[in-house]
Amino acid sequence: MDRPHSALGEFVLKVHSRCDLACDHCYVYEHADSSWRGRPKAMPEKALEKSAERIAEHALAHGLSTVHVVMHGGEPLLAGLAGLRRTAQELHRALQGVCALDLRIHTNGVLLSERFCELFLEWDIKVGISLDGDKASNDRHRRYADGRSSHPQVLRAVELLRRPRYRELFSGLLCTIDVENDPVAVYDALVALEPPRLDFLLPHATWDTPPPRPGPSPTPYADWLGVIYRRWDEAGRPVPVRMFDSVLRTLRGETSLTESLGLSAAEFVVIETDGTFEQADSLKTAFDGAPVTGMDVFANSVDDVMKHPGMSARQSGIEQLSAPCRTCPVVNSCGGGLYAHRYRGDTGFDNPSVFCPDLMALITGIRDRVSSESARPARALRGGEIDQLDDLATGFGSVETVGQLVADQLDLHRRLLMAVGGRVQPSDAVATAAWEALAELDQEAPESVDAVVAHPSTRPWALNILKGRVPETIASGTAALAAAASLRARRGATVTVPFHDGKLRLPGLGTVALADTFGHAEVAAEADGFVVRSAGGSVRIGWGEGMDGHSPHWQPVRLVELPGWQLALEPSQDVSAEPLSATEAKVWAEDLNEAWALIHRHLPRYADGLSTGLRSVTPLPLTGKRGTSPSFGTADVIRTPTPDGLALSVMQGFQRVKLGAVLDRHDLHAPDATESRVMVLAAYSQLAAVEFWRVRRPTLEGDEATAAEHEFTCARQETLVTLGNLVRAGRLTPLGDRFVEGMTQALV
């Protein structure tokens, strides 16, 4: 359910009002407002309970699907393990049965420890860290009261969050801009820490206390950010940057990702440690008492707070802006800047931002750069990506291009697996042992781990766990991967794997039928095969030819040997799907050989990509339903009565997953443009049909030639219509426009 504009979806909960650092640019302690002095250090239990109740009350009244809560301060870690645990418990208790909770904490990181991280894992609390760049840049402001540097402690905190176990907790780094710092040094230091997101903040200032502007430039902040933007853009935008992404989104007519840009309504309120409701913390920089609403959780609802004039003003879009802002050509992207930065003693907030010249220069600079890049015929992205995309837009894909997709997908699978590893609890002995076995194998036999991790089943399994759908499969899935990798490496180490329905599935290898219905099996390689032991007895399986040995208890993944290509026949990833029998596999192998011979002979440019990127097919009968979103490396293939039909089915199945891999890496359409995604996938699949019948029709005679001509004409016309609809919808990115143009040219 979409959140209505009349509701607040985010709450900043001040769990502690003091801080262990003395940052001189802090808006809480170093600016005009001093209300923190009269508030309790930690939020009392009654205030916490009532805050949670008010949040739940608001979510229920407005039908919110998710509530976002940020634990803040001061320094929230000063609330201690007990205080943060109590906060998480109260919020979950109040929101249970009402809506989902997205719980986060923003910290300076100096107190972060494994004990805190274990608590955050338990309650799924994401962690953002404040860090202003390299040591010299960070130490300019972020120091202890006695002048000591905080940089080593913050780096230690970030490294803790980068561990595989805690990586999923890491939500990003926040950097406050100081134009005296070297922008390249700041950016490079932050990117080197591999954060999931970067956020650059303009220092808080008003017209009464303007920001420092050293040097002759009238736009030093735009200049500073411009250096970083160009470096970020030329590197292929390796990490999301909230400010830049917001400008790019608003230039496309989409919503901003931050309250400091764009015209979207402000959707959050602050709850202080004493339970008082306040407006945005940034207002503390304007004047003493600026964020005050005069309301608290004991006497007022969130709906009451929304009626406050200050809150209403921040929800009024362009109407609440000053006259110069309303007529500004970049108002949709700028939005007047951060509300607090507009303040002036004599006119209040009815002014442009004190950073107005910088915002104008930054936005127009990004706009002009994007415009020039989209008009440029051959812009080189990182590693020649634009050439690879142009290659793929034709419908084909060279060995090198598809090989890069294979490498990208393996990297994606590994990152998903690392995120799952972060969910492994120390109390889960089976999952912990399996994770350790995988880590050891990754050192000793990385190619075996790669082969298993790259299996198409890894992605849906990992995503289901990370979305909280089937957390109970963490142990069984991780252990199955470890066991399969161990067998591929011919290691004798024993891996314990949970199983159910009497079957033990080893990704990419096959299925072992066991005597007992569920339990734990021990899997270990032996000299002439491998053994699986469970409470119901032992099963020994010979290696046979590779992993294709056969016994009554062993149903191997069937392998089809094609000229220059080995293809696995694997049933649906649905756990209830049965492996193919030897007879069925033989029929499929014969048909696939005929289809491959046809592709290899008539469509060699498609053959190159297929043999590089397709490792398995999911066999479907003629009347079978195609899977909704097969993972890269596999394809749903419908068995047809003719080699032509099967060849085209293989090609189109690979087209869908090939483009899916492209969309994993590149934005070809707006994030919410589901219809555009469906259309581009359909067009890309049909592109294979156009090329197939284009080359087949001259090789046929009589009725077959007539039918091929008809198929070609229909496929081409259908694809042109779909591509035209895509362009008219206007939801493509500049890169998407280029890709669609490439597909269109391929039809000429």
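All values below come from the heavy atoms of this structure, side chains included, with hydrogens, waters and symmetry mates left out.
Distance OG/Ser649 to CZ/Phe654: 14.0 Å, rounded to 0.5 Å. Between the NE2 atom of His500 and the CG atom of Leu514 there is a distance of 12.0 Å, given to the nearest 0.5 Å. We find the CD-CG distance between Glu741 and Leu723 to be 9.5 Å, quoted to the nearest 0.5 Å. The structure places CG of Leu567 at 5.5 Å from CG of Leu614, a figure rounded to the nearest 0.5 Å. Here CZ of Arg677 is found 7.5 Å from CG of Leu659. Values are rounded to the nearest 0.5 Å. Remark: Leu410 CG to His455 NE2 distance equals 13.5 Å, nearest 0.5 Å.
Between the side chain of Thr250 and the main chain of Ser246, a donor-acceptor pair closer than 3.5 Å is present. Checking side-chain atoms of Ser616 against main-chain N and O of Leu569 turns up no donor-acceptor pair under 3.5 Å. Side chain of Thr713 to main chain of Glu709: a donor-acceptor pair is present (N/O by atom type, distance under 3.5 Å, no hydrogens or angles). Between the Arg505 side chain and the Ala480 main chain, no donor and acceptor come within less than 3.5 Å of each other. Side-chain N or O atoms of Trp565 include none that pairs as donor or acceptor with a backbone N or O of Trp596 at under 3.5 Å. Side-chain atoms of Gln566 never come within 3.5 Å of backbone atoms of Val560 as a donor-acceptor pair (strictly under, hydrogens ignored). Formation of a donor-acceptor pair under 3.5 Å by the Arg167 side chain with backbone atoms of Met418 is not found in this model. Panel note: side chain Asp501, backbone Lys503; a donor-acceptor pair is recorded below 3.5 Å. Judged purely by atom type and a 3.5 angstrom limit, Ser486 has no side-chain atom pairing as donor or acceptor with the backbone of Ala482. A distance-only check finds a donor-acceptor pair linking the side chain of Lys658 to the backbone of Phe396 [under 3.5 Å].
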**Message:** What verdict does the side-chain contact (heavy atoms from CB on, under 4.5 Å) test give for Leu646 and Glu594, after you've listed the backbone C-alpha separation in whole Å, the side-chain angles of each residue and the deciding distance to 0.1 Å?
**Reply:** CA-CA 9 Å; Leu646 184 56; Glu594 287 188 68; over 6 Å; no
**Request:** Could you go through the side chain to side chain donor-acceptor pair (under 3.5 Å) check for Gln652 and Gln686 one step at a time?
**Result:** CA-CA 7 Å; Gln652 291 190 299; Gln686 276 298 92; 3.2 Å; yes
**Message:** Using side-chain contact (heavy atoms from CB on, under 4.5 Å), reason through His600 and Leu610 one step at a time and then give a plain yes or no.
**Reply:** CA-CA 10 Å; His600 198 268; Leu610 277 169; over 6 Å; no
**Prompt:** Does the pair Glu234 and Arg369 meet the rule for a salt bridge (Lys or Arg N to Asp or Glu O under 4.0 Å), with working shown?
**Reply:** CA-CA 11 Å; Glu234 289 164 2; Arg369 183 178 175 90; 3.4 Å; yes
**Message:** Working note: Thr583 + Trp588, criterion side-chain contact (heavy atoms from CB on, under 4.5 Å); need CA distance, chi angles, decisive distance, verdict.
**Reply:** CA-CA 9 Å; Thr583 302; Trp588 270 95; over 6 Å; no
**Prompt:** Stepwise, does the side-chain contact (heavy atoms from CB on, under 4.5 Å) test hold for Ile599 with Met651?
**Reply:** CA-CA 9 Å; Ile599 295 171; Met651 289 169 56; 4.0 Å; yes
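Taking the ring centroids of Trp232 and Tyr187, they lie at or beyond the 6.0 Å cut-off.
Between Trp554 and Phe530, the ring planes lie perpendicular to each other; the angle is over 60°, past the 30° to 60° tilted range. Relative ring orientation between Tyr229 and Phe244 is described as perpendicular, the plane-to-plane angle rising above 60° on a 0-90° scale split at 30° and 60°.
For the pair Thr473/Asn464, no side-chain contact is recorded, criterion being any heavy-atom separation below 4.5 Å from C-beta on. Here the side chains of Asp644 and Arg696 are in contact, with some heavy-atom distance below 4.5 Å. Counting heavy atoms from C-beta outward, Asp391 and Leu389 have side chains that stay 4.5 Å or more apart. The shortest distance between side-chain heavy atoms of Glu570 and Val617 does not fall below 4.5 Å. Side-chain atoms of Tyr606 and Val650, non-hydrogen and from C-beta on, never get closer than 4.5 Å to each other. Residues Phe739 and Leu392 form a side-chain contact, since some pair of their non-hydrogen atoms from C-beta on lies under 4.5 Å apart. Looking at heavy atoms from C-beta onward, Trp693 lies in side-chain contact with Leu648 at the 4.5 angstrom threshold. Taking the side chain as every heavy atom from C-beta outward, Val239 and Pro195 approach each other to under 4.5 Å.
Listed here is the closest heavy atom pair of Arg423 and Ile465: NH1-O, 3.4 Å. The nearest pair of heavy atoms linking Ala661 to Leu405 is CB-CD2, 4.2 Å. Looking at every heavy atom in both residues, Leu481 comes nearest to Pro507 through CD2-CG, 4.1 Å. Here the closest non-hydrogen pair linking Val495 and Ala483 is CG1-N, 3.9 Å. The two residues Arg601 and Pro604 make their nearest non-hydrogen contact at O-CD, 4.2 Å. The minimum heavy-atom distance linking Gly172 with Pro196 is given by the pair N-CG, 3.7 Å.
With hydrogens and angles left out, the side-chain atoms of Thr733 and Asp667 include no donor and acceptor closer than 3.5 Å. Residues Thr722 and Thr719 bring no donor and acceptor atom of their side chains to less than 3.5 Å of each other. Side chains of Gln404 and Glu400: a donor-acceptor N/O pair is absent below 3.5 angstrom, by distance only.
Checked for salt-bridge contact, Arg415 and Glu168 miss the test: no charged N lies under 4.0 Å from a carboxylate O. Using a 4.0 Å cut-off between charged side-chain N and carboxylate O, Arg540 and Glu526 make a salt bridge. In this structure, Arg231 pairs ionically with Asp188, as a charged nitrogen and a carboxylate oxygen lie closer than 4.0 Å. The pair Asp245-Arg249 does not meet the salt-bridge criterion, since no charged nitrogen lies less than 4.0 angstrom from a carboxylate oxygen. Checked for salt-bridge contact, Arg459 and Asp664 meet the test: a charged N lies under 4.0 Å from a carboxylate O. Looking at Arg491 and Glu440, a side-chain N of the basic residue comes within less than 4.0 Å of a carboxylate O on the acidic one, giving a salt bridge. Classification of Arg738 and Asp390 as a salt-bridged pair holds, one side-chain N sitting under 4.0 Å from a carboxylate O. Comment: Asp442 engages Arg414 in a salt bridge, judged by a side-chain N to carboxylate O separation of less than 4.0 angstrom.
Within 6.0 Å of CD on Glu701 lie no more than 12 heavy atoms contributed by other residues, nucleotides or ligands. Atom CD of Glu704 sits in a sparse spot, with 12 or fewer heavy atoms from other residues, nucleotides or ligands closer than 6.0 Å. Summarising the local packing, CD of Gln443 is surrounded by 12 or fewer heavy atoms from other residues, nucleotides or ligands at distances under 6.0 Å.
In this structure, Arg697 satisfies the cation-pi test against Phe712, with its NZ or CZ atom closer than 6.0 Å to the six-membered ring centre and inside 45 degrees of the ring normal.
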